Colleague: 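I have a structure here, written as structure tokens, and I will follow up with some questions on it.
Nothing fancy with the numbering, it's 1 onward along the sequence. Not measured: the values here are computed from a predicted model.
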Amino acid sequence: RERLDFRQIAAANAARFAILDCAASPAELERRIRARARKGSDASEADLEVLKHQLSIVEPLDGAERRHAVTVDTERDIRYADLAARLRKA
């Protein structure tokens, strides 16, 4: 619902609209949370239970949203200049 709202706001204001779709496997997300917990200095309150909940309610992008999406695999090195160029084209 929120994505549609933002798309409509962008359209009403003649603004460009893109969705940055950050992707990582559940195993990688869990690894990151465990690593942050071990450090004990992360401001995030997200723990494995929060991740489990988020994964249970995730709403995949629909076809219309996919046309506006730029997906980045956060498990790989991100080439930010390339990502910026992809976002400008979206």
Side-chain angles (χ1 to χ4, degrees):
R1 171 79 184 137
E2 291 88 1
R3 295 184 298 236
L4 176 60
D5 291 343
F6 281 107
R7 191 170 69 204
Q8 290 173 338
I9 290 167
N13 289 281
R16 295 176 52 220
F17 174 79
I19 296 171
L20 181 58
D21 181 28
C22 298
S25 68
E28 174 62 14
L29 297 173
E30 183 175 326
R31 186 198 66 74
R32 292 174 186 175
I33 289 171
R34 288 184 191 281
R36 284 199 316 258
R38 278 192 302 277
K39 289 181 182 177
S41 61
D42 188 53
S44 174
E45 296 176 3
D47 59 16
L48 295 177
E49 284 301 312
V50 171
L51 174 61
K52 181 179 176 181
H53 175 70
Q54 288 175 332
L55 292 174
S56 74
I57 62 167
V58 68
E59 296 177 14
L61 300 177
D62 65 27
E65 293 167 334
R66 276 263 155 242
R67 287 191 290 278
H68 296 281
V70 173
T71 300
V72 60
D73 181 350
T74 65
E75 292 186 51
R76 297 174 181 229
D77 288 337
I78 299 170
R79 297 176 59 187
Y80 292 100
D82 293 345
L83 178 58
R86 290 172 56 205
L87 283 167
R88 282 190 294 275
K89 292 179 184 177

Colleague: Quick one: pull up CD in Glu65 and CD in Glu59 and give me the separation to the nearest 0.5 Å.
Modeller: 8.5 Å
Colleague: Specify the closest pair of heavy atoms between Ser56 and His53, including all atoms of both residues, with the distance to one decimal.
Modeller: OG-O, 2.7 Å
Colleague: Do the non-hydrogen side-chain atoms of Leu61 and Asp21 ever get within less than 4.5 Å of each other?
Modeller: yes
Colleague: When rounded to the nearest 0.5 angstrom, what distance separates CG in Leu29 from CG in Leu55?
Modeller: 6.5 Å
Colleague: Under a 4.5 Å cut-off applied to non-hydrogen side-chain atoms, are Asp47 and Val50 in contact?
Modeller: yes
Colleague: Do Ile19 and Val70 land in one hydrophobic cluster if side-chain heavy atoms of ILVMFWY residues count as linked below 4.5 Å?
Modeller: no
Colleague: Consider side chain to side chain contact (heavy atoms under 4.5 Å, CB included). Of Glu30, Arg31, Arg36, which one does Arg34 pass it with?
Modeller: Glu30
Colleague: Using the ring-ring contact (aromatic ring centres under 6.0 Å, His included) criterion, which residues pair with Phe17? Sequence neighbours excluded.
Modeller: His68
Colleague: Once you round to the nearest 0.5 Å, how far does CD1 of Ile33 lie from CG of Leu48?
Modeller: 5.5 Å
Colleague: Do Arg79 and Arg86 make a side-chain contact, defined as non-hydrogen atoms from C-beta onward lying under 4.5 Å apart?
Modeller: no
Colleague: Quick one: are Thr71 and Leu20 in side-chain contact, heavy atoms under 4.5 Å?
Modeller: no
Colleague: Please report the shortest heavy-atom distance between Arg16 and Ala90, naming the atom on each side.
Modeller: NH2-O, 3.6 Å
Colleague: Begin with the C-alpha distance, continue with both residues' side-chain angles, and end with the deciding distance and a verdict on salt bridge (charged side-chain N to carboxylate O under 4.0 Å, His left out) for Asp62 and Arg3.
Modeller: CA-CA 10 Å; Asp62 65 27; Arg3 295 184 298 236; over 6 Å; no
Colleague: Does Thr74 use its side chain to pair, donor to acceptor, with the backbone of Cys22 at less than 3.5 Å?
Modeller: no
Colleague: Within the supplied structure, the quantity of interest is the number of heavy atoms (other residues, nucleotides, ligands) at a distance under 6.0 Å from Asp82 CG; does it exceed 12?
Modeller: yes
